[in-house]
Amino acid sequence: MAGALHAAPAPALETRIVRLNLQHTWTTTMSSSEYRDVLYTSYSREGITGHGEGAPIVRYKEDAKSAEKAAASVRALLLSAPPLQFAKTMNEIFRRVPGEWASKAALDIALMDWVGQKLGVPLYSYFGLDAKDAPLTTFSIGIDTPEITKQKTREAEAYPVLKVKVGLATDEPTIEAVRSVTKKPLRVDANEGWKDKEEAVRKINWLETQGVEFIEQPMPAEMIEETRWVRSRVHIPVIADEACQHASDIPKLREAYDGVNVKLDKSGGMLEAYRMIQIAKAMGMKTMLGCMISSSVSVTAAAHLSPLVDYADLDGNLLIANDPFRGVRVEKGRLVLPNRPGLGLIPV
Ligand code: MG
């Protein structure tokens, strides 16, 4: 009986859907919304709890319920697997579960948070990185009316580089509204908004005159040949986002894009994101870490890999009003990684 009283609790995986409320209605070429539902996971074992999060992406036919169902389908596998065999376990989860990348990301992040805590090292140290190499992050300005765009740009005063969403008919008024308020460098994301290659070249050539550093996903993901044509006629880097979900996508993008935007919710977590960054670098491409609308769990996980990349767009947690955790911080635009074990999260 005494043994039973002192036995460690059984390993547990909990999942729940969390509604993140946005500070501003968020509009891109794909959607407009006031909140996002994400999947939270927690993996507990030996008195340590790792936290994970995945933001399901509508474009890949995911939602929070399907993500939660996918996580439940591999609960037994995860709980029976030795936790330090995390890469083997995640490979098996990737093999068993079709799609549902956000769900896989939520599992991978919880597992990696647990491993970092178990080993007593922050995850950037686990990956052999120097927190001082973490880059600046952009702060994103969603599509809106010129007046609200100006107001959002003023509110972003603390951030030295801004990311602006374009790809609708209002591109020029949007950029002009931002430029009427600030001279900061801009990075622009068209989210596949331009369907015609000549229009894309015209728009990008105009953006080049507006202090834009690079253009993300100017054309639909499947228009690789057209994007190659566009890339040969513009003078700023062209970065793939929707065209690049996994490591296996990268080789075919080399001629059409200068770099790739890696996101944990697309890749299925930190391990695949790390592979993608290394493959892109080996191919001489630029690398970027981005995020969806997420809380500090997912954004901090991405930030632990950010010392590896050229560009970071890790502001999802800054756009919400009810973040349940504190983790990575931004100081003068630069990502400051927690030096606590694992993700280094603190509940708010
Ligand atoms: Mg993008």
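Quick caveat, the model's predicted, so the values are computed rather than measured. For reference, positions follow the sequence shown, starting with 1. Counting starts at 1 for both ligands and their atoms, following the listed order. The analysis underlying the following values was restricted to heavy atoms, covering all of them including side chains, and did not include hydrogens, waters or symmetry mates.
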ask   = How wide is the angle at the Mg ion (ligand 1) between OD2 of Asp241 and OD2 of Asp189, to the nearest 10°?
value = 180°
Member of Ser296, Ser295, Pro324 meeting the side-chain contact (heavy atoms from CB on, under 4.5 Å) criterion with Glu53 = Ser295
Check ion pair Glu199-Lys197 (N to O, under 4.0 angstrom) = no
request  = Look at the N, O or S atoms of Asp313, main chain and side chain alike, and state whether any lies under 2.8 Å from the Mg ion (ligand 1).
outcome  = no
ask   = Salt bridge or not for Asp323 and Arg326, using N-O below 4.0 Å?
value = no
message = When you measure from the Mg ion (ligand 1) to the N, O or S atoms of Glu216, does any of those distances fall below 2.8 Å?
response = yes
Please table the atom pairs, donor to acceptor, closer than 3.5 Å between any side-chain atom in residues 72-85 and protein atoms at least two apart or in another chain.
residue: Ser73; atom: OG; partner: Ala70; partner atom: O; Å: 2.6
residue: Arg75; atom: NE; partner: Leu13; partner atom: O; Å: 3.1
residue: Arg75; atom: NH2; partner: Leu13; partner atom: O; Å: 3.1
residue: Ser80; atom: OG; partner: Ala76; partner atom: O; Å: 3.0
residue: Ser80; atom: OG; partner: Leu77; partner atom: O; Å: 3.2

